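Along the sequence shown, residues are numbered consecutively beginning with 1. All heavy atoms count here, side chains included; hydrogens, waters and symmetry mates do not. Bear in mind the structure is a predicted one, so any value in this text is a computation, not a measurement.
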Amino acid sequence: MDKKEKRTSLILIILYFLFLSILFLIIVFFQNPEYANSIVPISGLPQSTHYAVFLFTLPYGLALLFVFIFPIIFIPIFVKLKNLIFRNFENGYVNVNLEKPTINFKQYVKRSIYVALLAIGLLATFSTFLNFNQFVSERQLEYLQEKGIPVQYSSDGFLAVLFIFFPFVIGLWSISWVMEDLGFIHYKLPEEKTNVLFEIEPMHLKYTQILKGYAGISAIIYYVAVLIFYIMNPGKGTITDLVFMFMAIPLWIIMSFPFYFVYRMILLKRLKFLRKEMPECRTITKSEFEI
């Protein structure tokens with residue numbers, strides 16, 4: 001990395017740990033003691049202990065594991081399924097220099113936004129299947145029921161479930177990142193020089209389009225439902241809850257960076273073996289398409 005990348009990376013890592021520290025202090029130490037000692041049904045632990053384990057420890061450990069394991073497991077499966085659907089396409093890769101890894105911060109921001117949207121989208125989808133009451137403490141549930149606020153529309157329920165989805169979402173997106181960053185392509189070319197249309201496409205696009213479409217639509221549905229609830233029920237909940245839920249996306253840009261940093265700087269080059277059965281393709285420039 002050059003000096004600018006190192007400086008930006010350092011700032012994001014500092015912001016990450018600062019944010020995490022403040023959030024940890026607020027949730028664990030500065031909360032009402034009644035809430036801190038109240039049991040969270042799904043884990044059977046007091047709320048303070050439950051948050052320490054399931055919000056600040058386990059999700060991050062699993063995220064680091066999944067960002068490496070998911071591509072190894074699912075990319076070969078995806079390629080085989082793609083080969084069944086696109087039978088006339090050949091697979092290959094464009095050689096990308098991984099010896100001096102860099103971080104494209106514009107690309108990172110776009111990717112982390114979609115990480116947040118997919119997590120919120122999964123929360124919206126599973127809200128009809130999951131019993132959200134199991135994810136907040138008994139005392140907190142009593143408070144929400146007294147106020148008439150559904151758990152999935154409260155900041156506590158939102159946070160508790162969002163962090164459970166976090167490692168899985170990181171893993172799902174890492175499949176797309178690896179295929180793109182390792183230069184996977186597929187193509188359909190004529191065998192001889194003829195005036196026939198041909199196709200060359202990055203392989204990850206098919207997978208990415210599905211995730212992006214689902215993430216965007218389902219996240220919008222969730223946020224619309226939250227807004228409608230609070231507009232139709234003025235006085236319920238707090239402005240803080242709404243602000244926190246809508247701040248999830250910019251906060252996720254900070255929260256995702258340590259995992260993305262480890263992925264780009266350490267793990268990616270260790271995943272090069274995934275393209276071992278594919279031929280290397282030369283880079284085609286714009287001039288080669290011009291008559």
Parallel, tilted or perpendicular, judged at 30° and 60°: which one describes the rings of [X] and [Y]?
X: Phe66; Y: Phe168; result: tilted
X: Tyr222; Y: Phe158; result: parallel
X: Phe105; Y: Tyr108; result: perpendicular
X: Phe89; Y: Phe86; result: perpendicular

Is the side chain of [X] donor-acceptor paired with the backbone N or O of [Y] at a distance under 3.5 Å, no angle test?
X: Ser256; Y: Ile253; answer: no
X: Trp252; Y: Ile113; answer: no
X: Ser174; Y: Trp177; answer: no
X: Arg87; Y: Asn83; answer: no

Going by atom types only, do His50 and Ser43 share a side-chain donor-acceptor pair under 3.5 Å?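 Note: His50 and Ser43 side chains meet the donor-acceptor criterion.
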Using only heavy-atom distances, determine whether the side chains of Tyr214 and Thr125 contain a donor-acceptor pair under 3.5 Å.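 A pair is found: one side chain offers a donor N or O, the other an acceptor, under 3.5 Å apart.
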Centres of the [X] and [Y] rings: under 6.0 Å?
X: Tyr153; Y: Phe229; answer: yes
X: Phe70; Y: Phe74; answer: yes
X: Phe135; Y: Phe54; answer: no

In Å, rounded to the nearest 0.5 Å, how long is the span from [atom1] of [X] to [atom2] of [Y]?
X: Met179; Y: Met203; atom1: CE; atom2: CE; result: 7.5 Å
X: Ile39; Y: Ser137; atom1: CD1; atom2: OG; result: 9.0 Å
X: Asn37; Y: Thr49; atom1: CG; atom2: OG1; result: 8.5 Å
X: Ser112; Y: Tyr260; atom1: OG; atom2: OH; result: 9.0 Å
X: Leu205; Y: Ile210; atom1: CG; atom2: CD1; result: 11.5 Å
X: Lys272; Y: Leu274; atom1: NZ; atom2: CG; result: 12.0 Å

For residues [X] and [Y], report the shortest heavy-atom separation together with the two atoms involved.
X: Ala63; Y: Ile170; answer: O-CG2, 4.0 Å
X: Arg264; Y: Leu268; answer: NH1-CD2, 3.4 Å
X: Leu182; Y: Val96; answer: C-CG2, 4.2 Å

Sequence neighbours excluded, which residues qualify as salt bridge (charged side-chain N to carboxylate O under 4.0 Å, His left out) partners of Glu201?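 Lys206.
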If you define the side chain from C-beta out and look only at heavy atoms, does anything of [X] sit under 4.5 Å from [Y]?
X: Asp156; Y: Val151; answer: no
X: Phe165; Y: Leu118; answer: no
X: Phe184; Y: Val94; answer: no

Hey, which of Arg275, His186, Lys82 is the one that makes side-chain hydrogen bond (donor to acceptor under 3.5 Å, both in side chains) with Asn91?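 By the side-chain hydrogen bond (donor to acceptor under 3.5 Å, both in side chains) criterion, Asn91 pairs with just one of Arg275, His186, Lys82: Lys82.
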Can Leu159 and Phe163 be said to form a side chain to side chain contact (heavy atoms under 4.5 Å, CB included), step by step? CA-CA 6 Å; Leu159 184 70; Phe163 271 76; 3.0 Å; yes
Verdict with reasoning, Val226 to Ile228, per side chain to side chain contact (heavy atoms under 4.5 Å, CB included): CA-CA 6 Å; Val226 171; Ile228 290 173; over 6 Å; no
Is it true that Lys269 and Asp181 have a side-chain N and a carboxylate O under 4.0 angstrom from each other?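 Looking at Asp181 together with Lys269, the answer is no, because their closest N to O distance does not fall below 4.0 Å.
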Should the heavy atoms of other residues, nucleotides or ligands under 6.0 Å from CD of Glu280 be counted, would the total exceed 12?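 Result for CD/Glu280: enclosed.
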Treating Ile, Leu, Val, Met, Phe, Trp and Tyr as nodes and any side-chain heavy-atom pair under 4.5 angstrom as an edge, say whether Leu123 and Val224 lie in one connected cluster.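 No, Leu123 does not connect to Val224 through the hydrophobic network.
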